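The structure appears below as structure tokens.
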Amino acid sequence: MRVVIADDAVLLREGLVRLLTERGHQVVAAVGDGDALVEAVLAHRPDVSVVDVRMPPSHTDEGLRAAVEARRLVPRTPVLVLSQYVEVSYADDLLATTGGAGGGGIGYLLKDRVAAIDEFLDALARVAAGGTVLDPEVVGQLLVRRRRDDPLRELTPREREVLALMAEGHSNTAIARVLVVTDGAVEKHVRNIFTKLDLPPDTTQHRRVLAVLAYLRS
């Protein structure tokens, strides 16, 4: 894959460059601020970008805002955002770009996941392929925020489990392995989720994104 890395922490940035290069990927740009990220995406049209949420000058949400801008200028450009802490509002902002021409190709992980190299690389590959990957910690916090007018209230406990795993970016086959059920059982649960959430007929991937968004906003 051709990758852009945006992180103002030099050690982490260079560590990611080395890791990805050793695994056979090409890092086409490694930058330290949001403006440079947008420029790199426009110049290189990478397969995926790895972006820190907090970057100069204020170290609040510059990286997140730059990622959203990059996806506005280059629709469907895949972005994997890294954050030191669970910040659900940032995840909401990023996932909002999956609507319309934005499509999938979105990930939000805690930086701790980078230490689990195979897990991180798998998430990166899924985002590059157009998937949506959420850190389990983010999913857990979203559950705590669930409102009374929960659009998921019609889902069974098992369907909620399946949807939570979908939100983490797992395929139906991977969900079946986690829940120790058949692929067919998972496919049935997914169809029920789409029906109960009243999602319009469309491509399977688009309906999965809509289902995940409904889950996040509940």
Side-chain angles (χ1 to χ4, degrees), residues 1-21 25-115 120-121 123-135 137-139 141-142 167-169 209 212-213 216-217:
M1 293 184 293
R2 299 172 65 255
V3 185
V4 166
I5 297 171
D7 196 312
D8 67 305
V10 176
L11 286 177
L12 180 57
R13 186 171 71 232
E14 293 305 314
L16 286 171
V17 170
R18 181 173 178 178
L19 169 64
L20 293 172
T21 301
H25 303 299
Q26 180 187 5
V27 178
V28 295
V31 300
D33 62 72
D35 290 342
L37 165 66
V38 175
E39 292 173 5
V41 170
L42 286 171
H44 298 286
R45 307 295 171 112
D47 296 312
V48 63
S49 298
V50 181
V51 183
D52 185 16
V53 166
R54 298 185 175 188
M55 287 198 289
S58 72
H59 294 279
T60 54
D61 64 348
E62 281 86 355
L64 183 282
R65 287 191 282 110
V68 171
E69 176 66 5
R71 282 177 60 82
R72 185 186 70 81
L73 295 173
V74 185
R76 307 188 72 84
T77 189
V79 175
L80 175 60
V81 168
L82 300 179
S83 180
Q84 191 70 40
Y85 309 103
V86 176
E87 298 171 277
V88 175
S89 62
Y90 292 167
D92 283 341
D93 290 344
L94 189 64
L95 282 155
T97 69
T98 60
I106 284 296
Y108 185 103
L109 293 181
L110 294 181
K111 284 188 174 181
D112 289 349
R113 305 293 175 192
V114 178
F120 168 69
L121 292 174
L124 191 65
R126 282 187 279 157
V127 170
T132 302
V133 178
L134 288 179
D135 195 289
E137 292 290 334
V138 175
V139 174
Q141 295 241 359
L142 290 165
E168 292 176 20
V209 170
V212 168
L213 286 174
L216 295 175
R217 291 165 180 163

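In this chain, residues are counted from 1 in sequence order. None of the values given here were measured: they were computed from a predicted structure.
Residue L37 comes nearest to A66 through the heavy atom pair CD2-CB, 3.8 Å, listed as atom of the first residue, atom of the second, then distance. Heavy-atom minimum distance, G105 versus R71: O-NH1, 3.5 Å. Shown here for A70 and V38, the closest heavy-atom pair between the two residues is N-CG2, 4.4 Å. Between P46 and A40 the shortest heavy-atom distance is CD-O, 4.5 Å. Contact detail for P56 and G32: the closest heavy-atom pair is CD-O, 3.4 Å.
With hydrogens and angles disregarded, a donor-acceptor distance shorter than 3.5 Å links the side chain of R2 to the backbone of R45. Listed for the R126 side chain is a donor-acceptor partner under 3.5 Å among the backbone atoms of G169. Remark: side-chain polar atoms of R113 are not paired, donor with acceptor, to backbone N or O of F120 under 3.5 angstrom.
Between L121 atom CG and L19 atom CG the span is 5.0 Å, to the nearest 0.5 Å. Atom CZ of R54 and atom NE2 of H59 lie 10.5 Å apart (nearest 0.5 Å). Distance check: L82 CG to L16 CG gives 7.0 Å after rounding to the nearest 0.5 Å. A distance of 6.5 Å separates CG in L110 from OG in S83, rounded to the nearest 0.5 Å. Note that CD of E168 is 8.0 Å distant from CG of D135, once rounded to the nearest 0.5 Å. Between atom CG of residue D112 and atom CD of residue Q84 there is a gap of 6.5 Å, rounded to the nearest 0.5 Å.
Under 4.0 Å is where a charged nitrogen must lie from a carboxylate oxygen, and between K111 and D52 at least one such pair does.
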Kindly indicate, with the supporting measurements, whether the criterion side chain to side chain contact (heavy atoms under 4.5 Å, CB included) is fulfilled by L124 and H25. CA-CA 11 Å; L124 191 65; H25 303 299; 5.5 Å; no
Step-by-step side chain to side chain contact (heavy atoms under 4.5 Å, CB included) determination, I5 to V17: CA-CA 8 Å; I5 297 171; V17 170; 3.7 Å; yes
Show your working on side chain to side chain contact (heavy atoms under 4.5 Å, CB included) between E62 and D33 and close with a plain yes or no. CA-CA 8 Å; E62 281 86 355; D33 62 72; over 6 Å; no
Please determine whether side chain to side chain contact (heavy atoms under 4.5 Å, CB included) holds for the pair V127 and V79, giving the CA-CA distance in whole Å, both sets of side-chain angles, and the decisive distance to 0.1 Å. CA-CA 7 Å; V127 170; V79 175; 5.8 Å; no
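For the pair I106/L134, no side-chain contact is recorded, criterion being any heavy-atom separation below 4.5 Å from C-beta on.
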